[in-house]
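To start, the structure under review is shown below, and the notes come after it.
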Number of protein chains: 2
Amino acid sequence: MAKVKSKVATRPKRADAQRNLDALLEAAKAVFMASGVDAPVREIATKAGVGLGTVYRHFPQRYDLVAAVLRREVDAVAAAARKASEDLEPLEALTSWLRRFTRFVATKRGLATALHSGDPAFASMPAYFEEHVGPALKSLLGEAAAAGAIRRDVDPNDLLRAVSNLSSSDEAHSQRMVALLIDGLRFGASAAPATRSKESPSDISRKLV
Amino acid sequence: MAKVKSKVATRPKRADAQRNLDALLEAAKAVFMASGVDAPVREIATKAGVGLGTVYRHFPQRYDLVAAVLRREVDAVAAAARKASEDLEPLEALTSWLRRFTRFVATKRGLATALHSGDPAFASMPAYFEEHVGPALKSLLGEAAAAGAIRRDVDPNDLLRAVSNLSSSDEAHSQRMVALLIDGLRFGASAAPATRSKESPSDISRKLV
DNA sequence: TGACAAACGGAACAACGTTCCGCATAACTG
DNA sequence: CAGTTATGCGGAACGTTGTTCCGTTTGTCA
């Protein structure tokens with residue numbers, strides 16, 4: 001069980017290949033930020049200083065490139081969840097992180113769009129979301145539930161997808177609706193074992209007119 | 001104020017033009033159902049038995065055709081809201097219609113996708129949604145609030161957009177999340193003036209594991 | 001250094017949205 | 001009913017995009 005990552009005498013990756021791959025990911029990230037995920041592949045190739053063929057060898061389909069860039073950012077958000085869990089109290093850690101996550105998705109315009117496009121290249125993305133962000137959110141939920149702040153019957157992945165879907169280009173709107181979801185979570189909270197702030201809608205959702 | 005719809009001696013629309021327009025809308029609806037909103041324009045033109053030029057005269061941009069088809073269906077859903085308001089009690093009318101609306105959006109795969117694409121041709125669609133479905137939902141909310149079943153501080157259009165965004169291809173998931181939203185609505189409900197069912201999460205959201 | 005596979009670049013292809021314009025024809029006129 | 005006109009029609013043609021293909025370059029190892 002020692003050589004799980006065996007390479008069995010296969011040649012190591014060429015240096016230029018790795019260099020181009022990095023350049024591609026970086027260029028793609030920049031272009032996606034600037035022009036959205038529908039930006040032409042040629043534009044990315046040019047920005048990365050490589051040919052079209054190079055792009056398609058590393059990423060057989062256009063969306064594979066999008067997915068690769070996305071995965072990177074997902075990892076960052078997952079890390080943020082773990083950090084919030086350490087730095088803040090349960091309910092605040094949860095709401096704070098959900099706000100951050102909402103902002104994250106809202107920023108990546110067209111990304112959620114691409115996710116829902118039904119393209120097979122994205123079939124694995126929800127799973128990736130769930131595997132990486134899910135556990136982090138699950139612990140946030142668990143801690144909040146243990147504190148009696150929210151109900152216990154909510155599946156992290158369900159909530160994750162819901163927030164993702166809620167996020168539109170209008171961030172203020174997204175935040176209000178997520179706040180409403182949070183109140184939905186608190187609705188069924190069992191009798192609090194610990195101190196429980198006066199029962200009232202969250203600050204944000206209060207701003208609803 | 002009699003001749004608001006004046007035509008001032010302009011020729012009436014040609015019969016074949018009207019015929020082709022109807023055929024186009026019908027063909028587009030069928031194709032969108034079968035292949036999604038990304039179906040090629042040529043396919044629709046062929047199915048409608050018209051040339052490409054005809055399509056683009058009636059609908060200058062591809063998305064104008066999508067929007068036209070969408071508007072038709074929106075009208076139908078708005079009508080359903082008014083009917084629910086008449087046939088059912090306030091809270092049930094609201095939840096029942098939201099369920100139907102969720103199903104509606106979930107069915108139109110790729111439609112929400114197109115809406116969020118940021119294309120200028122869709123700029124007016126949210127407004128259309130709000131103008132036609134908004135008032136209907138507003139009365140549903142108002143009646144439920146009057147009955148003390150839900151809080152009063154929720155904007156119909158906010159909720160409408162939220163539900164639209166929530167609807168993904170997985171209808172079961174969408175329904176659960178909408179149920180959660182509904183519980184969010186009920187969270188801040190003021191003291192009930194009338195009979196109030198025992199305070200508990202809605203049936204649907206109970207099924208969350 | 002020489003040989004070989006890995007990786008490269010960009011021309012070429014197919015599919016799509018959209019434009020354009022010569023031709024057909026419905027609607028009016030006498 | 002025949003003539004006139006503007007409205008509407010069809011589909012070839014253009015530009016952009018995703019993707020494929022293959023001759024050429026280049027890193028790696030003996």
Side-chain angles (χ1 to χ4, degrees), chain A residues 7-28 31-32 34-70 110 113-114 117-122, chain B residues 7-28 31-32 34-70 110 113-114 117-122:
Chain A
K7 279 286 184 176
V8 273
T10 181
R11 280 196 184 178
K13 248 178 296 188
R14 273 171 55 162
D16 54 349
Q18 183 61 44
R19 209 172 20 216
N20 283 334
L21 196 150
D22 291 341
L24 267 177
L25 283 175
E26 196 166 350
V31 171
F32 290 157
S35 314
V37 289
D38 288 332
V41 175
R42 282 169 176 77
E43 186 179 339
I44 298 169
T46 301
K47 184 147 198 160
V50 304
L52 264 180
T54 301
V55 179
Y56 278 92
R57 186 163 334 91
H58 287 298
F59 306 98
Q61 304 248 23
R62 178 208 150 63
Y63 288 131
D64 292 328
L65 176 55
V66 179
V69 172
L70 180 52
T113 295
S117 68
D119 195 282
F122 285 132
Chain B
K7 278 288 184 175
V8 273
T10 182
R11 278 197 186 181
K13 249 177 297 187
R14 275 172 55 161
D16 55 349
Q18 183 62 44
R19 211 176 14 224
N20 283 333
L21 195 150
D22 291 342
L24 266 177
L25 283 175
E26 197 166 349
V31 171
F32 289 158
S35 315
V37 290
D38 288 332
V41 174
R42 283 169 175 78
E43 185 180 340
I44 298 169
T46 300
K47 183 147 197 158
V50 304
L52 264 180
T54 302
V55 178
Y56 278 92
R57 186 162 333 90
H58 288 297
F59 306 98
Q61 305 248 23
R62 178 210 150 64
Y63 288 131
D64 292 328
L65 175 55
V66 179
V69 172
L70 180 52
T113 296
S117 68
D119 195 283
F122 284 133

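Side chains included, hydrogens not; waters and symmetry mates left out as well; all remaining heavy atoms used. So you know, we letter chains A, B, ... as the sequences are listed, proteins then strands, and number each from 1. Since the structure is predicted, the reported quantities are computational estimates derived from the model, not experimental observations.
Within the 4.5 Å cutoff, the side chain of B/Val55 has no heavy atoms near those of the B/Ile44 side chain. Residues B/Phe59 and B/Leu24 are in side-chain contact: their nearest non-hydrogen atoms beyond the backbone lie under 4.5 Å apart. For the pair A/Leu70/A/Phe32, no side-chain contact is recorded, criterion being any heavy-atom separation below 4.5 Å from C-beta on.
Atom-to-atom, CD1 of A/Ile44 to P of C/dG9 comes out at 15 Å; the value is rounded to the nearest Å. Following rounding to the nearest Å, B/Arg19 (CZ) and C/dT25 (P) show an atom-to-atom distance of 12 Å. Taking atom CD of B/Gln18 as the reference point, atom P of C/dA27 lies 12 Å away to the nearest angstrom. Between the P atom of D/dC21 and the OH atom of A/Tyr56 lies a distance of 13 Å, rounded to the nearest Å. If you take CG of A/Asp38 and P of D/dT16, they are 17 Å apart, rounded to a whole angstrom. Computed from coordinates, the A/Arg57 CZ to D/dT26 P distance equals 14 Å when rounded to whole Å. Following rounding to the nearest Å, B/Lys13 (NZ) and D/dA6 (C1') show an atom-to-atom distance of 16 Å.
The residue among B/Val50 and A/Gly53 whose nearest nucleotide of DNA chain D is located toward the 5' end is B/Val50. For the pair B/Asp16 and A/Arg42, nearest-nucleotide mapping onto DNA chain C gives the more 5' position to A/Arg42.
Taking every side-chain heavy atom of A/Leu52 into account, C/dG10 is the closest of C/dT18, C/dG10, D/dG8. Listed nucleotides D/dT17, D/dG10, C/dG17 differ in distance to A/Pro40; the shortest reach to its side chain belongs to D/dT17. In the set D/dG8, D/dT19, C/dA26, the nucleotide with an atom closest to the side chain of B/Ala15 is C/dA26. The side chain of A/Val41 lies closest to D/dG18 when the candidates are D/dC9, D/dG18, C/dA7. Side-chain atoms of B/Thr54 lie closest to D/dC9 of the nucleotides D/dT26, D/dC9, C/dG17.
Under 3.5 Å, the side chain of A/Arg14 and the base of C/dA7 form no donor-acceptor pair of N or O atoms.
Here A/Gln61 reaches the OP1 or OP2 of D/dT19: one of its side-chain N or O atoms lies under 4.0 Å away. Under 4.0 angstrom from either OP1 or OP2 of D/dG8 there lies no side-chain N or O belonging to B/His58. One finds a side-chain N or O of A/Asn20 lying less than 4.0 angstrom from the OP1 or OP2 phosphate oxygen of C/dC8.
Atom CG of residue A/Asp16 and atom CG of residue A/Leu21 lie 11.5 Å apart, to the nearest 0.5 angstrom.
The local environment of CD in A/Glu26 is sparse, with at most 12 non-hydrogen atoms from other residues, nucleotides or ligands closer than 6.0 Å.
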